[in-house]
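Scope of the values below: all heavy atoms of this structure, side chains included, with no hydrogens, waters or symmetry mates.
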Amino acid sequence: MELREYWIDILLTIVMVISTLVLILRFWQDVTIAVAAALMTLSIGGLFLSLQVKMRHLERSIVIRERILRTNLED
């Protein structure tokens, strides 16, 4: 996995976490809510990154299968 392929997703995850922390700034008296919201945002960002990695892996495997089928048909 090259980080250059996913830098936009990582940047958007960081922005999502920061915006969540700014959004719940008034709840800092209750640390539980602040920590739970930050963890929830991080997990959603992680799920998006994981989905992106799986999609790229699936695309690569489809391309490889297509090449194999094409070479088998040529023979």
**Student:** The criterion is salt bridge (Lys or Arg N to Asp or Glu O under 4.0 Å); which residues satisfy it with R65, sequence neighbours excluded?
**Tutor:** none
**Student:** According to the salt bridge (charged side-chain N to carboxylate O under 4.0 Å, His left out) rule, which pairs have a member within residues 40-63, sequence neighbours left out?
**Tutor:** E5-R56, E5-R60
**Student:** Hey, could you give me the CD1/CG distance between I14 and L42, rounded to the nearest 0.5 Å?
**Tutor:** 9.5 Å
**Student:** Check side-chain contact (heavy atoms from CB on, under 4.5 Å) between I44 and all other residues, then give those that pass, not counting sequence neighbours.
**Tutor:** M16, M40, F48
**Student:** Going by the rule side-chain contact (heavy atoms from CB on, under 4.5 Å), which residues pair with L69 if we only count those two or more places apart in sequence or in a different chain?
**Tutor:** none
**Student:** For L11, what residues pass the side-chain contact (heavy atoms from CB on, under 4.5 Å) criterion, not counting sequence neighbours?
**Tutor:** W7
**Student:** Any Lys/Arg nitrogen of R70 or E66 sitting under 4.0 Å from an Asp/Glu carboxylate oxygen of the other?
**Tutor:** yes
**Student:** Answer with yes or no whether the hydrophobic clustering places L49 together with I18; edges join I, L, V, M, F, W, Y residues whose side-chain heavy atoms lie under 4.5 Å apart.
**Tutor:** yes
**Student:** A37: which residues meet the side-chain contact (heavy atoms from CB on, under 4.5 Å) condition with it, sequence neighbours left out?
**Tutor:** T20, I24
**Student:** Using only atom types and a distance under 3.5 Å, with no angle test, would you say the side chain of T71 pairs donor to acceptor with the backbone of R67?
**Tutor:** yes
